[in-house]
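The first residue of the sequence shown is numbered 1, and numbering continues consecutively from there.
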Amino acid sequence: MECSNCKKVLSTKQRLRYHVENGVCMKKPASRVCIDCNREFSTLQKLQQHVKKGICRRTTECSYCAKVLSSRQRLQTHKKKHEKIYQYFFTKYDLEGVDCYQCGDIMSRCEHKDD
């Protein structure tokens, strides 16, 4: 059985009648895109769950790179990557006894130590 409006093939007369009487082919398909974050979902149920939990409205922003993550657990894991990378920048090094490569003086009293 084929619908004359949308050319969809249905298996029984009852399904075709329901399809035509209820205007199934005339209805717009429900959007599966979140209005707040423009994320598209594979099913309408996943979109509804996303909206119900308020995932896109959570403020879980990384203080290092301003990336917004969906949960606090993911934010903590993400921040650990930054902390591993940046831990060497914040480490104080003892420069006593190290010679400057530019002037040959001891680094602790050299004026090039900031470079």
Side-chain angles (χ1 to χ4, degrees):
M1 303 284 140
E2 186 177 295
C3 175
S4 58
N5 295 329
C6 66
K7 306 298 183 205
K8 183 174 181 177
V9 178
L10 296 132
S11 59
T12 63
K13 287 182 182 180
Q14 290 82 9
R15 289 185 180 184
L16 176 62
R17 187 177 334 132
Y18 177 85
H19 178 83
V20 172
E21 287 175 359
N22 293 313
V24 174
C25 56
M26 301 298 179
K27 292 180 183 177
K28 285 185 181 180
S31 176
R32 297 179 309 209
V33 178
C34 178
I35 297 168
D36 295 322
C37 65
N38 292 327
R39 184 174 169 194
E40 187 174 356
F41 294 89
S42 58
T43 65
L44 191 57
Q45 289 79 15
K46 287 182 181 180
L47 170 64
Q48 289 169 346
Q49 183 180 20
H50 169 81
V51 171
K52 184 179 178 181
K53 288 185 176 183
I55 292 170
C56 58
R57 293 183 183 174
R58 292 181 188 165
T59 54
T60 52
E61 187 174 320
C62 177
S63 57
Y64 294 106
C65 66
K67 182 177 180 179
V68 177
L69 292 110
S70 61
S71 69
R72 292 190 189 277
Q73 181 62 39
R74 288 185 180 177
L75 178 65
Q76 288 175 351
T77 305
H78 175 79
K79 278 188 171 183
K80 285 180 184 178
K81 292 177 186 175
H82 286 295
E83 290 165 2
K84 285 180 183 177
I85 293 169
Y86 294 125
Q87 72 182 351
Y88 300 108
F89 293 119
F90 301 115
T91 305
K92 294 284 185 184
Y93 294 101
D94 183 22
L95 300 176
E96 192 63 41
V98 178
D99 294 336
C100 175
Y101 66 92
Q102 291 180 351
C103 65
D105 198 3
I106 296 174
M107 282 295 278
S108 59
R109 65 179 178 206
C110 178
E111 54 190 51
H112 299 107
K113 67 181 172 185
D114 294 333
D115 298 339

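- Scored by the side-chain contact (heavy atoms from CB on, under 4.5 Å) test, Phe41 finds Cys34, Arg39, Lys46, Leu47, His50 as partners (sequence neighbours excluded).
- Members clustered with Val20: Met1, Leu10, Leu16, by chain and number, using a 4.5 Å side-chain heavy-atom cutoff among hydrophobic residues.
- Of the possible polar contacts, one joining the Arg32 side chain to the Ser42 backbone as a donor-acceptor pair under 3.5 Å is found.
- His78 pairs with exactly one of Gln76, His82, Arg74, Lys81 by the side chain to side chain donor-acceptor pair (under 3.5 Å) rule, that one being His82.
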